[in-house]
Amino acid sequence: MPIKSLFIRHFSLLSLVCFFSFNPAGSTHALPKAKTRSINGLGTGSAYASLYDTLSLQQAGLQRAPFDLALRGLTKINPTRPVLSIVDLSQPSSHKRLYVIDLRSRKLLFHTYVSHGRNSGQLMAGQFSNEPSSFQSSLGFYRTLGTYQGKHGLSLQLQGLERGINDRAFDRAIVMHGADYVCEDFIRQTGRLGRSQGCPAVSNVLSKPIIETVKGGTCLFIYAPNPQYLAKSRYLVSPYTSG
């Protein structure tokens, strides 16, 4: 056999070996899109869409829209741990509107009350701000940081991830903490929860277990059907494009 033909034959065999080594079972499927991100190695946000029904979140008061938007932003943030917290401010404060979901175990860990800022509204939150001393809630995506002992006891620092929307949260001392005005007794007396200076405050009873669960790099999404926010947020542009 001529040397040239022998070389071509061996090169072809070598190419086939390499192909099947890197493509199990000789798969010819296209690779995933480069911009598709996994959530800490657990797959893309679409992998968790079924949790809305599995966890009966509609029956728990959470509409589909904020859940889907939370998954969309979560995919871009790629948090350290696959725990997603949603504060749904489309609901009145007399409703349990905080949802803490463990995506790994596929469980709803907490479903409870959470406050909004005193200048965001009474029963419903309708006004939002990123400004210091506004005493209003800020919408959008946050990354949880570390904890500290403050005037409200154990508190959780939050990093606002959306420029011009909530990125002044740290400077404003917007944190998650416990508060005595977040309880059913307060609702019975006033028809609503008490209000914070902009912090997503939870009950004193649950503050420690919630904070210990979500601290250290998980995703918090504070939602309201606010047209300005929904149009401006870079995390909500499209499902799997990089932010």
Side-chain angles (χ1 to χ4, degrees), residues 36-116 137 139-147 153-159 161 175-179 182-184 187 193 199-225 235-236 239-240:
T36 298
R37 294 186 180 180
S38 65
I39 302 171
N40 198 30
L42 297 181
T44 61
S46 60
Y48 303 102
S50 63
L51 283 179
Y52 184 78
D53 295 321
T54 301
L55 300 180
S56 301
L57 294 178
Q58 183 175 19
Q59 289 83 345
L62 182 65
Q63 296 302 306
R64 184 85 203 204
F67 178 77
D68 287 345
L69 292 175
L71 286 184
R72 185 180 297 182
L74 178 75
T75 304
K76 296 182 180 182
I77 294 166
N78 198 19
T80 303
R81 293 187 296 114
V83 175
L84 171 63
S85 302
I86 302 173
V87 174
D88 181 11
L89 295 185
S90 70
Q91 300 183 47
S93 66
S94 56
H95 289 191
K96 294 181 178 181
R97 54 186 182 171
L98 169 62
Y99 305 80
V100 179
I101 303 167
D102 188 322
L103 299 175
R104 188 187 299 276
S105 64
R106 305 179 78 85
K107 292 181 179 178
L108 179 61
L109 301 179
F110 297 97
H111 174 213
T112 190
Y113 299 104
V114 61
S115 71
H116 58 253
S137 298
L139 300 178
F141 289 91
Y142 297 76
R143 181 178 285 111
T144 64
L145 301 176
T147 62
L154 183 67
S155 302
L156 175 65
Q157 294 175 316
L158 301 172
Q159 177 189 8
L161 300 177
V175 300
M176 180 176 284
H177 62 78
V182 180
C183 64
E184 292 186 343
I187 294 173
L193 288 183
C199 299
V202 295
S203 72
N204 284 325
V205 173
L206 290 178
S207 61
K208 184 175 180 179
I210 290 175
I211 289 172
E212 292 291 346
T213 297
V214 306
K215 69 180 182 181
T218 70
C219 176
L220 167 66
F221 178 48
I222 300 181
Y223 166 82
Y235 288 99
L236 302 181
Y240 303 119

T144 side-chain N/O to V214 backbone N/O, donor-acceptor pair under 3.5 Å:
yes
Looking at side-chain heavy atoms only, is the closest gap between F141 and C219 below 4.5 Å?
yes
Working to the nearest 0.5 Å, report the span between CG of L154 and OG1 of T147.
5.0 Å
Side-chain polar contacts of residues 85-92 - donor-acceptor pairs under 3.5 angstrom, sequence neighbours left out - could you list them?
| residue | atom | partner | partner atom | Å |
| --- | --- | --- | --- | --- |
| D88 | OD1 | S90 | N | 3.1 |
| D88 | OD1 | S90 | OG | 2.5 |
| D88 | OD2 | S90 | OG | 3.2 |
| D88 | OD2 | Q91 | NE2 | 2.9 |
| Q91 | NE2 | G61 | O | 2.9 |
| Q91 | NE2 | Y99 | OH | 3.0 |

Would you give me the side-chain donor-acceptor pairs under 3.5 Å for residues 202-211, sequence neighbours excluded?
| residue | atom | partner | partner atom | Å |
| --- | --- | --- | --- | --- |
| S203 | OG | L206 | N | 3.2 |
| N204 | OD1 | A179 | N | 3.1 |
| S207 | OG | N204 | O | 3.2 |

Could you list all the ring-ring contact (aromatic ring centres under 6.0 Å, His included) pairs where at least one residue sits in residues 69-96, not counting sequence neighbours?
none
In chain order, what residues pass the side-chain hydrogen bond (donor to acceptor under 3.5 Å, both in side chains) check against Y52, with sequence neighbours excluded?
none
State which residues pass salt bridge (charged side-chain N to carboxylate O under 4.0 Å, His left out) with K215; sequence neighbours excluded, sorted by chain then number.
E212
Side chain to side chain contact (heavy atoms under 4.5 Å, CB included) with L69: which residues, sequence neighbours excluded?
R72, F221, Y223, L230, L236
In terms of heavy-atom contacts, H111 and K96 come closest through NE2-O, 2.9 Å
Do the non-hydrogen side-chain atoms of L220 and T218 ever get within less than 4.5 Å of each other?
no
Under the rule for side-chain hydrogen bond (donor to acceptor under 3.5 Å, both in side chains), what residues qualify as partners of S93, not counting sequence neighbours?
none
V175 versus L156: any side-chain heavy-atom pair under 4.5 Å?
no
Rounded distance [0.5 Å steps], CG in L98 versus CE in M176:
5.5 Å
Do T112 and V114 come close enough that some side-chain heavy atom pair is under 4.5 Å?
no
Under the side-chain contact (heavy atoms from CB on, under 4.5 Å) rule, what do L193 and I187 come out as? Steps first, then yes or no, please.
CA-CA 5 Å; L193 288 183; I187 294 173; 3.6 Å; yes
Could you check whether any side-chain heavy atom of L71 comes within less than 4.5 Å of a side-chain heavy atom of L51, counting everything from C-beta outward?
no
Is there side-chain contact between I101 and F67, with heavy atoms separated by less than 4.5 Å?
yes
Using the test ring-ring contact (aromatic ring centres under 6.0 Å, His included), find all partners of F110 that sit at least two apart in sequence or belong to another chain.
none
Can you list every pair that meets side chain to side chain donor-acceptor pair (under 3.5 Å) and has a residue in residues 53-64, with sequence neighbours left out?
R64-D68
Taking side chain to side chain contact (heavy atoms under 4.5 Å, CB included) as the test, write out the residues that go with Q159, two or more places apart.
R143, L145, L161
Nearest-0.5 Å distance that lies between atom OG in S115 and atom CZ in R97
7.5 Å
Which pair of non-hydrogen atoms, one from G216 and one from T80, has the smallest distance, and what is that distance?
O-CB, 3.8 Å
